[in-house]
Amino acid sequence: MWRTGATLVFGAGLGAAASRLLSAGGWREEGGADLMSRVPVIPVPGVPTVQASELQVSPGSSGAVMKYGFPSLGNIKTRESYVTSYDPLTRTASWVIERLNPASLSGLSDRKYCEFKEDDSIHVFHRATNADYKGSGFDRGHLAAAANHKWSQKAMDDTFYLSNVAPQNPHLNQNTWNNLEKLCRSLTKRYLNVYVCTGPLYLPRQEADGKLYVRYQVIGRNHVAVPTHFFKVLILEQADGKGVELRSYVLPNEPISEQVPLERFLVPIETIERMSGLLFVPNIMKRTAGGVRAIADR
DNA sequence: TTTATTGT
């Protein structure tokens with residue numbers, strides 16, 4: 001069984017497909033086959049590539065990884081393998097962006113040389129520690145995945161900062177979430193670059209009194225927040241230079257049968273933007289001539 | 001293969 005026990009309810013204005021996908025009773029999709037025709041894989045025609053000189057929103061030297069802009073502008077950190085925004089309240093990242101291509105995926109780096117470590121750049125009041133996770137029942141789930149950065153041991157090491165980690169259901173992490181990470185890597189065979197933005201979500205649920213509450217567990221002495229869900233936004237650059245495509249996923253932080261196809265978790269990017277407080281599409285539109293075209297349920 | 005934790 002993979003459906004959520006709790007009822008998920010979102011605010012007005014969500015796309016029909018999204019509200020159907022996330023409707024009361026959990027994640028069972030009722031739209032049938034035509035749901036897929038109305039959801040994600042968004043073609044973005046127009047400018048195929050953007051020159052580095054056009055980058056203006058990038059604080060620091062985040063470079064090519066941030067080509068499509070920042071989802072938010074607080075607590076930005078740039079590491080060897082990713083750029084991230086840290087949320088001191090939850091003791092985990094708001095989002096992490098990485099760029100995958102065949103070069104980033106190949107190399108001799110090995111996670112056996114890596115250890116999860118505190119992020120000393122974060123104030124000790126707001127920092128997760130390994131002790132927080134120990135015995136919690138949750139995995140230290142990577143946001144930017146280690147195997148995405150075999151090109152450099154330093155790059156792989158940097159994914160082991162606990163600021164790039166969130167408490168994740170072990171079954172989810174080691175099965176369906178792992179499969180989603182593998183899918184991201186396999187897409188580098190068909191696309192020039194795969195930009196991946198990953199983060200936690202803390203979604204409201206309807207409780208017994210009929211009202212909506214955001215409720216999440218916290219673990220350890222530092223009260224590291226356990227996300228209710230995780231998102232992944234993929235920006236896929238076509239190799240022929242014709243433009244980019246978007247795909248965005250939301251998965252509940254609970255066991256999911258591997259029998260459930262990943263397509264079942266596709267959602268319109270606007271759904272993630274509303275739920276997360278982040279913005280992706282304005283950035284992408286700024287970076288492309290044609291903008292985001294024709295999403296049926298937008 | 002990659003994702004991990006726990007115990008010795």
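Labels below follow one simple rule: chain letters A, B, ... track the order of the sequence lines, proteins then strands, and each chain is numbered from 1. Below, all heavy atoms of this structure are taken into account, side chains as well, without hydrogens, waters or symmetry copies.
- One interatomic measurement links the two molecules: CE of A/M156 to C1' of B/dT3, which rounds to 12 Å at whole-angstrom precision.
- Atom-to-atom, CG of A/N169 to C1' of B/dT5 comes out at 13 Å; the value is rounded to the nearest Å.
- Distance A/L143 CG to B/dA4 P: 10 Å, rounded to the nearest Å.
- The shortest distance between the side-chain N/O atoms of A/H142 and the OP1/OP2 oxygens of B/dA4 is below 4.0 Å.
- What separates CD of A/E115 from P of B/dA4 is a distance of 14 Å, to the nearest Å.
- Between A/H123 and A/H126, the ring-plane angle classifies as tilted under the 30° and 60° cut-offs.
- For A/R111, no side-chain nitrogen or oxygen approaches OP1 or OP2 of B/dT2 to under 4.0 Å.
- Side chains of A/N253 and A/Q168: no donor on one and acceptor on the other come within 3.5 Å.
- Annotation: side chain of A/I97 is in contact with side chain of A/P71 (closest heavy-atom distance under 4.5 Å).
- Spacing between atom CG of A/N173 and atom P of B/dT5 amounts to 8 Å, rounded to whole angstrom units.
- Within residues 174-190 of chain A, the residues that place at least one heavy atom under 4.0 Å from DNA chain B are, in residue-number order, A/Q174, A/N178, A/E181, A/K182, A/R185.
- Residue A/K112 is out of contact with every strand shown, counting any heavy-atom pair closer than 4.0 Å.
- In this structure, A/H149 atom NE2 and B/dT3 atom P are separated by 10 Å, rounded to whole Å.
- Distance A/D110 CG to B/dA4 P: 13 Å, rounded to the nearest Å.
- Two residues are said to be in side-chain contact when any heavy atoms from C-beta on lie closer than 4.5 Å; A/K182 and A/L180 fail this criterion.
- Classification of the A/F116-A/F160 ring pair by plane angle, with boundaries at 30° and 60°, yields tilted.
- Atoms CZ (A/F116) and C1' (B/dA4) sit 7 Å apart, rounded to a whole Å.
- Using bins of under 30°, 30° to 60° and over 60° for the plane-to-plane angle, the ring pair A/F280/A/F231 lands in the perpendicular bin.
- Relative ring orientation between A/Y202 and A/Y216 is described as tilted, the plane-to-plane angle lying within the 30° to 60° band.
- For A/Y213, the OH atom sits in a packed shell: over 12 heavy atoms of surrounding residues, nucleotides or ligands are nearer than 6.0 Å.
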(Q) Pair A/Y249, A/F265 - check ring-ring contact (aromatic ring centres under 6.0 Å, His included), show working. (A) CA-CA 5 Å; A/Y249 297 84; A/F265 302 99; 8.1 Å; no
Pairwise N/O distances under 3.5 Å, protein to nucleotides 6-8 of chain B:
residue, atom, partner, partner atom, Å
B/dT6, OP1, A/G135, N, 3.3

